[in-house]
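Single-structure report; data block below.
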Amino acid sequence: MSAARFTLHRLAARNSQSFVRSTQVPTPARSAVACFSTATKTLHQQSNNATARPSTSTNDPETHFGFKNVPEHMKEAMVRQVFANVATKYDIMNDVMSGGIHRLWKDHFIRTLAPTPGTKLLDVAGGTGDIAMRFLDYCKDTHGDNSAQVTVFDINPNMLEVGKERFSKTQYHSTSQVSFMEGNAENLEHIPDNTMDAYTIAFGIRNCTHVDRVLKEAHRVLKPGGRFMCLEFSKVENPVISKAYDIFSFDVIPAMGQMVANDRDSYQYLVESIRKFPPQKEFATMIKQAGFTVMGQGYEDLTFGVAAIHSGWKL
Ligand SMILES: C[S@@+](CC[C@H](N)C(=O)[O-])C[C@H]1O[C@@H](n2cnc3c(N)ncnc32)[C@H](O)[C@@H]1O
């Protein structure tokens, strides 16, 4: 084994040790913001180390983690570590960081999906079940339907645990309407071909290493006529609003992180990871390349393009 490759193996091993440590539940006194910040600071240090020793092997390509390049095989563990750390505070964190706007986006996302009675949904990167809960509520409130089913699928057991706990306090507890499955969006190996009416992924796909593989798997598991829908941070096109959004993102958010959590780095990482995701048109092209048929331009901007809903049909 070459010295460079040995170093990368040691980095990967250190990552997995950090991941084990990270599964400890943060003390209640720590805010969600501080929790996220600590995880991300560690990851920044690790990714800095990783980029200082570039891969020498063509079998070990690089990908991005924020604006930094890391060996592809390390990204999954790094993303896992972030979400393992934030799991118990994830829902509060969403409200803190978006000022509650994520709730409006998610409500609109489910209204756009407009599931019919009996819909079978796979919610990938489903985390704590925010989309799943809205889906079941929509089916019940709109159609009086209690035959719709959702599988919350996520790579992170900590996030799924929070979701299970949350559902255990609802009317959906001990019904067959919700189930949880752990796995990687890039390989839905336990889900047979042509079995889902709908596939959703909200704020999850930008964390995946190979977006093309995620889309291919989505296409495989959907029934003919099934619908793919993605809610993700996107690109603000209006130059005036884009400038204001950039200032808010790169100056205000990290500064807020510094003030609130004594950690600028994690907020810097957040805005960087959002900027690394392909803009609307490029992502719509990727969705088409995966075999989906899109209507019109294939997406809808939310809040000037801060987020966007992409949609495609398996025909
Ligand atoms: C920002 S959270 C979004 C959770 C939820 N969809 C929501 O909108 O509240 C991103 C989720 O993606 C999950 N995730 C990241 N990479 C993944 C992958 N490769 N496969 C499946 N889930 C993944 C994380 O564990 C995390 O729960």
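- Taking NZ of Lys75 as the start and CE of Met78 as the end, the distance is 9.5 Å to the nearest 0.5 Å.
- Residues Trp105 and Thr303 have side chains in contact (heavy-atom distance under 4.5 Å, counting atoms from C-beta outward).
- Between the Ser168 side chain and the Glu165 main chain, a donor and an acceptor come within less than 3.5 Å of each other.
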Exercise. Does the side chain to side chain contact (heavy atoms under 4.5 Å, CB included) test come out yes or no for Ile309 and Glu232, once each step is laid out?
Worked result: CA-CA 7 Å; Ile309 293 174; Glu232 189 51 90; over 6 Å; no
For this session: Would you please test Glu300 and Thr112 for side chain to side chain contact (heavy atoms under 4.5 Å, CB included) and show each step?
Result: CA-CA 10 Å; Glu300 178 192 1; Thr112 306; 4.3 Å; yes
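- In this structure His210 satisfies the side-chain contact (heavy atoms from CB on, under 4.5 Å) test together with Glu72, Glu186, Asp212, Arg213, sequence neighbours excluded.
- Val221 and Val124 end up in the same hydrophobic cluster when Ile, Leu, Val, Met, Phe, Trp and Tyr side chains are linked at under 4.5 Å.
- Applying the ring-ring contact (aromatic ring centres under 6.0 Å, His included) test to pairs two or more places apart or on separate chains, those with a residue in residues 272-307 are His219-Phe292, Phe228-Phe292, Phe277-Phe283, Phe283-His310, Tyr299-His310.
- Note on Phe233: it clusters hydrophobically with Ile241, by side-chain heavy-atom contacts below 4.5 Å among ILVMFWY residues.
- Side-chain polar atoms of Asn146 and Gln177 form no donor-acceptor pair below 3.5 angstrom.
- Using a 4.5 Å heavy-atom threshold, the side chains of Phe203 and Lys106 count as touching.
- Cluster membership for Ile110 and Tyr199, using ILVMFWY side-chain heavy atoms within less than 4.5 angstrom, is not shared.
- Contact detail for Gly66 and Lys276: the closest heavy-atom pair is O-CG, 3.2 Å.
- Arg134 has a carboxylate O that lies under 4.0 Å from a charged side-chain N of Asp107, or vice versa, which qualifies the two as a salt bridge.
- A 4.5 Å side-chain heavy-atom check between Asp145 and Lys140 finds every atom pair outside the cut-off.
- Between Ile131 and Phe109 there is a side-chain heavy-atom pair separated by less than 4.5 Å.
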Problem set entry | Audit row: Glu76, Arg80, salt bridge (charged side-chain N to carboxylate O under 4.0 Å, His left out) steps and yes/no | CA-CA 6 Å; Glu76 186 183 313; Arg80 259 178 202 259; 3.5 Å; yes
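- Closest of all the heavy-atom pairs between Ser234 and Ile274 is O-CG2, 4.5 Å.
- Atom CG of Asp193 and atom CG of Leu222 lie 11.0 Å apart (nearest 0.5 Å).
- By the 4.5 Å heavy-atom criterion applied to side chains, Ser311 and Met295 are not counted as neighbours.
- Side-chain N or O atoms of Thr195 include none that pairs as donor or acceptor with a backbone N or O of Ile191 at under 3.5 Å.
- Side-chain contact check for His108 versus Leu302: some heavy-atom pair is nearer than 4.5 Å.
- Summarising the geometry, atom CD1 belonging to Ile201 is positioned 11.0 Å from atom CZ belonging to Arg206; distances are rounded to the nearest 0.5 Å.
- Other residues, nucleotides and ligands contribute at most 12 non-hydrogen atoms within 6.0 Å of the NZ atom of Lys216.
- By the neighbour-count criterion of 12 heavy atoms within 6.0 Å, atom NZ of Lys243 is sparsely surrounded, having that number or fewer from other residues, nucleotides or ligands.
- The shortest heavy-atom contact between Asp137 and Gln171 is OD1-NE2, 4.4 Å.
- In this structure, SG in Cys230 is found 6.5 Å from CD1 in Ile287, a value given to the nearest 0.5 Å.
- Hydrophobic clustering, with ILVMFWY side chains joined whenever heavy atoms are under 4.5 angstrom apart, keeps Val162 apart from Leu136.
- Across all their heavy atoms, Ile155 and Pro157 have their closest contact at O-CD, 3.5 Å.
- Judged by distance alone, the side chain of Asp154 and the main-chain N or O of Gly127 form a donor-acceptor pair under 3.5 Å.
- Asp130 is listed as a side-chain neighbour of Arg166, based on a closest heavy-atom distance under 4.5 Å.
- Taking each heavy atom of Gly204 and Ala125 in turn, the nearest pair found is CA-CB, 3.7 Å.
- A salt bridge does not link Lys235 with Asp301: none of the charged nitrogens is closer than 4.0 Å to a carboxylate oxygen.
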Problem set entry | Audit row: Tyr138, Met133, side chain to side chain contact (heavy atoms under 4.5 Å, CB included) steps and yes/no | CA-CA 9 Å; Tyr138 178 96; Met133 190 75 79; over 6 Å; no
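- In this structure a side-chain-to-backbone donor-acceptor pair under 3.5 Å is missing from Thr119 to Pro115.
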Exercise. Going through the distances and angles, do Asp197 and Lys314 end up as a salt bridge (charged side-chain N to carboxylate O under 4.0 Å, His left out)?
Worked result: CA-CA 10 Å; Asp197 298 305; Lys314 176 172 172 179; over 6 Å; no
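- Note on ring orientation: taking the six-membered ring where Trp is involved, the planes of Phe180 and Phe167 are perpendicular (angle over 60°, cut-offs 30° and 60°).
- No side-chain donor-acceptor contact under 3.5 Å links Tyr245 and Asn238.
- Taken to the nearest 0.5 Å, the CE atom of Met159 stands 5.0 Å off from the OG1 atom of Thr128.
- Put simply, Leu231 and Ile101 are part of the same group of oily side chains (I, L, V, M, F, W, Y) that touch within less than 4.5 Å, one to the next.
- Residues Ser249 and Arg275 bring a donor and an acceptor atom of their side chains to less than 3.5 Å of each other.
- Thr63 and Thr209 form no side-chain donor-acceptor contact under 3.5 Å, judged by distance and modelled atom types alone.
- Between the side chains of His173 and Lys169, no donor-acceptor pair of N or O atoms lies under 3.5 Å.
- Taking each heavy atom of Pro192 and Arg220 in turn, the nearest pair found is C-NH1, 3.7 Å.
- Rounding to the nearest 0.5 angstrom, the gap separating the CG atom in Asn207 from the CZ atom in Phe65 is 8.5 Å.
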Exercise. Yes or no on side chain to side chain contact (heavy atoms under 4.5 Å, CB included) for Arg227 and Leu113, after CA distance, side-chain angles and deciding distance?
Worked result: CA-CA 8 Å; Arg227 188 173 193 185; Leu113 179 65; 4.2 Å; yes
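- Residues Phe153 and Leu188 meet the side-chain proximity criterion, which asks for heavy atoms closer than 4.5 Å.
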